[in-house]
Each structure stands twice: as structure tokens, then as C-alpha cells.
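Since the structure is predicted, the reported quantities are computational estimates derived from the model, not experimental observations.
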Amino acid sequence: MDLELTPDQRLFQSTTREYLDRSAPIGTVRELAESGTGFQRDWWRQGAELGWTAMLVPEQLGGGTVSGSPMAELAIVAEEMGRTCAPGPLTTTSAVLAGLVRAGEAFADTIGSIVSGDSVVAWAFYEPGRGLDLTRFSVTAEPDGDGYRLSGSCDRVESGDQADAFLVAAQSPDGPVQVLVRADVPGVSVTPLWTLDVVRHTALVRFADVAVEPAAVVHRGADATAAVEAQLQVAAALAAAEMAGAADRTFEFTMQWMFDRYTFGRPLASYQALKHRMADNKMWLEACRATAVAAAKALDEDPGEAAEAVSAAKSFVGSKTPVVIQDCVQLHGGIGVTWEHDIHLYLRRVTLDRALYGTPEEHRRRITDLLDRSAA
């Protein structure tokens, strides 16, 4: 598999990195954490102008890609955001767009508003006590004319506290449906939840007999199931790429620390046992990046057969990156466990990404289910 970026992708990567280094360095992340703000809307609009929200949208709906590989390009953005622990609803917005574009022109206005960065629509997928079961949903959609009445709750809704609307999967008497619900309509309540990440916020969203107009129904039946599957794959692949970026940046400044920090008259990097540990970490990081890139490429080349590659990436990267960063914490010594050092911000990011959109254990179960189905 070719891991090299094309010239266009390298330019896009350098532009994204330059923007994030300038507008969302670690110092800014700390300031946002102290203010309780997840992300600033103007900052997100500027990211949208760079193309972050356009990748999964066809040109006729106002989108477009740099190199014709939308998921590979989104993975570049996710990896760069991981390198700075940047805020922003990249993953949840991309999951929403993956669902809306399947509905075509019917939601062109909503898609356009998301692509411009003017609106934030959050993907409401998780439900209390439910893992990655995509066959049934506890949020209920009772028929009301040609529309529905929505009741239930979704938790761990990423950027839910700053969202203008939600794309919700629900269960109707005729099967699953997916609907758009504005955050300000009667019956919708949003409760911010504590998260380990200092700027990646989530929320509990409750729906109490919320009226859903027919025009807000995005998918029904098998189309809804297929859309949720596609959204989960997009979200999981981006989470894997972001974890790889965060761990890679942590490895970089830990390596620099080992050359700068002297003990008994020698730099830490001169001790053979520590060299072996860092060599192992580098090997795991290269494997993490390779599996994350493979997942993105699979979604670009054959989305219908990408589920196994995506789950493998989310499982492997989610298992290895927290361990690598924890080892980097140990290599820093006492300073590594202080609030003032930045390393804990990266550990927080990968720990949250590990849990969102399927844990490694849940994705391993998905792989076994996929293998069972292919063998049947």
C-alpha cells in the first residue's frame, strides 16, 4: 500500500498544519478549556473555507476534493487536528454529511449551510446502554401523518452543546428512520456532559414527543440502516487518524525531551533500554498510521467493502496509541504528570477517541460478525 501523499495532498496537509499551528496551538486549546468553550464558530468557518467540510459532498451540492480521494483528505485533517489537540466538530459533521449526501438534492440547503461552516449539525447515534448495534434504536419515531413524533435520548453526542441541529437515528413501527431535528424546537433538551478531553465536548440530547415534519425525514428502512453504517465507518476512520496524529506528535516531543534531559551526565536518549522502548513505540506508531491510512483508502476505493478495514483500524489504533502515550508520560518522569505539561492533553484526546464510535473491543466483535457473514 502506498503511504505517500500526492503533491496536492501534501500542499493541503501543509496548509492545514500551518492554519492549526497559527490559530489553534496548545496555548489556545488551554484558553478554550479554561473558558469552557468547545470551539469558536468563526474559527470553524475559516476551517470550512479551507475545504474541511466539503470533501464528502459532490460538486453539484457545493463540495469538492483536492485529489479525488475525500476520505484520505479528511484523514489528513483529522491527523493534523490530533497533532495540536485542536477543537472542532470535524468527525461528527463529516458523519452527518455522509448521511445527508445519500439523500441527494432534498437537503441541499442544509448541506450548503454545513459546508460553509454557518451551521453545525451533530450526529446523534449513541444511546444509553447500547454499543454498535445498528439493527434497532431505542429512540422511537411514532407515525404522525407523514411525519413522526420522536421520543428518547442520545448520549455522547459530539459537539451537541454547540449544535444547531441533530441527525437522529430512531426506530419506527416500519423499521429504522433517520431524521433531522433542530436544537431549538419544543421537546428537545441538551445537557452538556463532562468529558476527559478539555475541548472535545459531548452532550446528552433528549427528545420528548418532538414533532418531525415529513421534509425532515432523511432516510427510511434499509436506506436508514445503510446510511448509519456509512456514517459509523466515516466517524471511526477519522477517529483512528486523529489518534495516530496525536500519538505521533507526542512521540516527537518525547524524543526531543530524551535528548535534552540529562541524568548522570548523559542524555536519556543514550540509555539502551530507553532506546529499545522508543524503537518499539515508533514501530507501533508506523503500524497505527498504516492501518488508519488503509481504512481511509478503503472507504475511497470500495465503500461497500470497507467495514473490516475501518474496524481493524479503530481497534488497532485505539489499543496502541494510549499505551504509547502512557509510556511517553513515564519517560518524562514527574513533569509528565503535571497539569502544566502538554502531554496529558494528548492522552486525553486519544482516550476519548478510543471510546467514541466504538471501542477496540466493540470493533473486534464487528470484525468477527463480518467474517461470520462472509463465511455463511
Locate the shortest heavy-atom distance separating [X] from [Y]; write the atom from each residue and the value.
X: H201; Y: T195; value: CA-OG1, 4.1 Å
X: G336; Y: I343; value: O-CG2, 3.3 Å
X: A72; Y: D300; value: N-OD2, 3.0 Å
X: W43; Y: M81; value: CH2-CE, 4.1 Å
X: P25; Y: S23; value: CD-C, 3.4 Å
X: G68; Y: T65; value: N-OG1, 2.8 Å

Would a distance-only check, ignoring hydrogens and angles, find a side-chain to backbone donor-acceptor pair under 3.5 Å from [X] to [Y]?
X: S35; Y: L32; result: yes
X: H332; Y: C328; result: yes
X: S94; Y: L90; result: yes
X: R220; Y: G175; result: no
X: S113; Y: T110; result: no
X: T202; Y: R156; result: no
X: D164; Y: A183; result: no
X: Q162; Y: F39; result: yes
X: R149; Y: E142; result: no
X: T250; Y: A246; result: yes

> Taking it one step at a time, do E242 and R200 satisfy salt bridge (Lys or Arg N to Asp or Glu O under 4.0 Å)?
Replying inline: CA-CA 12 Å; E242 185 174 60; R200 182 64 57 79; 2.9 Å; yes
>> Going by side chain to side chain contact (heavy atoms under 4.5 Å, CB included), name the residues that satisfy it together with F259, two or more places apart in sequence or in a different chain.
In response: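 F259: side chain to side chain contact (heavy atoms under 4.5 Å, CB included) contacts with M255, A269.
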>> Checking D197 against R348 for the salt bridge (Lys or Arg N to Asp or Glu O under 4.0 Å) test, could you report, in this order, the C-alpha distance in whole Å, the side-chain angles of both residues, the deciding distance, and whether it holds?
In response: CA-CA 5 Å; D197 193 299; R348 289 167 183 268; over 6 Å; no
> Can you pull the side-chain hydrogen bond (donor to acceptor under 3.5 Å, both in side chains) pairs that have at least one residue in residues 169-181, sequence neighbours excluded?
Replying inline: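 Output for this query lists Q178-Q231.
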Side chains of [X] and [Y], donor plus acceptor under 3.5 Å:
X: Q256; Y: D260; value: yes
X: S67; Y: Q9; value: yes
X: E229; Y: Q233; value: yes

>> Could you walk me through whether R365 and E362 satisfy the salt bridge (Lys or Arg N to Asp or Glu O under 4.0 Å) test, starting with their C-alpha distance in whole Å, then the side-chain angles of each, then the deciding distance to 0.1 Å, before giving a yes or no?
In response: CA-CA 5 Å; R365 176 60 186 268; E362 289 171 332; over 6 Å; no
> Which is it for Y346 and R249 under the side chain to side chain contact (heavy atoms under 4.5 Å, CB included) test, yes or no, and what are the steps along the way?
Replying inline: CA-CA 9 Å; Y346 292 89; R249 177 67 186 117; 3.6 Å; yes
>> If we check ring pair (Phe, Tyr, Trp, His ring centres under 6.0 Å) with Y19, which of these qualifies: W44, F12, W52?
In response: W52
> Would you say D109 has more than 12 foreign heavy atoms packed within less than 6.0 Å of its CG?
Replying inline: no
Would you be so kind as to tabulate the donor-acceptor pairs closer than 3.5 Å made by side chains of residues 100-108, with sequence neighbours excluded?
none

Side-chain atoms of residues 305-325: list all donor-acceptor pairs with protein atoms under 3.5 Å, sequence neighbours left out, distances to 0.1 Å.
{"residue": "S311", "atom": "OG", "partner": "A307", "partner atom": "O", "Å": "3.4"}
{"residue": "S311", "atom": "OG", "partner": "H363", "partner atom": "ND1", "Å": "2.9"}
{"residue": "S311", "atom": "OG", "partner": "R366", "partner atom": "NE", "Å": "3.3"}
{"residue": "K314", "atom": "NZ", "partner": "D353", "partner atom": "O", "Å": "2.8"}
{"residue": "K314", "atom": "NZ", "partner": "R354", "partner atom": "O", "Å": "3.0"}
{"residue": "K314", "atom": "NZ", "partner": "L356", "partner atom": "O", "Å": "2.9"}
{"residue": "K314", "atom": "NZ", "partner": "G358", "partner atom": "O", "Å": "2.7"}
{"residue": "S315", "atom": "OG", "partner": "P360", "partner atom": "O", "Å": "3.4"}
{"residue": "S315", "atom": "OG", "partner": "R364", "partner atom": "NE", "Å": "3.2"}
{"residue": "S319", "atom": "OG", "partner": "S315", "partner atom": "O", "Å": "2.8"}
{"residue": "S319", "atom": "OG", "partner": "R364", "partner atom": "NH2", "Å": "2.7"}
{"residue": "T321", "atom": "OG1", "partner": "V317", "partner atom": "O", "Å": "2.7"}

>> Please determine whether side chain to side chain contact (heavy atoms under 4.5 Å, CB included) holds for the pair L331 and M258, giving the CA-CA distance in whole Å, both sets of side-chain angles, and the decisive distance to 0.1 Å.
In response: CA-CA 8 Å; L331 289 167; M258 291 179 68; 4.2 Å; yes
> Is W194 isolated, or which residues cluster with it under the ILVMFWY side-chain rule of less than 4.5 Å, directly or via members?
Replying inline: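 Members alongside W194: L196.
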> With clusters built from Ile, Leu, Val, Met, Phe, Trp and Tyr whose side-chain heavy atoms come within less than 4.5 Å, directly or transitively, what are the remaining members of the cluster of V188, listed by chain and number?
Replying inline: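 Other cluster members: V139, Y148, L150, V157, F166, V168, V177, V179, V181, V185, V190, V205, F207, V210, V212, V217.
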>> Hydrophobic cluster membership, with links at side-chain heavy-atom distances under 4.5 Å among I/L/V/M/F/W/Y: are L238 and L285 in one?
In response: no
>> Pair D118, R45 - check salt bridge (Lys or Arg N to Asp or Glu O under 4.0 Å), show working.
In response: CA-CA 7 Å; D118 292 331; R45 289 189 188 94; 3.1 Å; yes
> Does the ring centre of Y126 sit less than 6.0 Å away from the ring centre of F137?
Replying inline: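 No, they do not, as the ring centres are separated by 6.0 Å or more.
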> Is there a side-chain contact between F125 and L167, using heavy atoms and a 4.5 Å cut-off?
Replying inline: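 No; the side chains remain at least 4.5 Å from each other.
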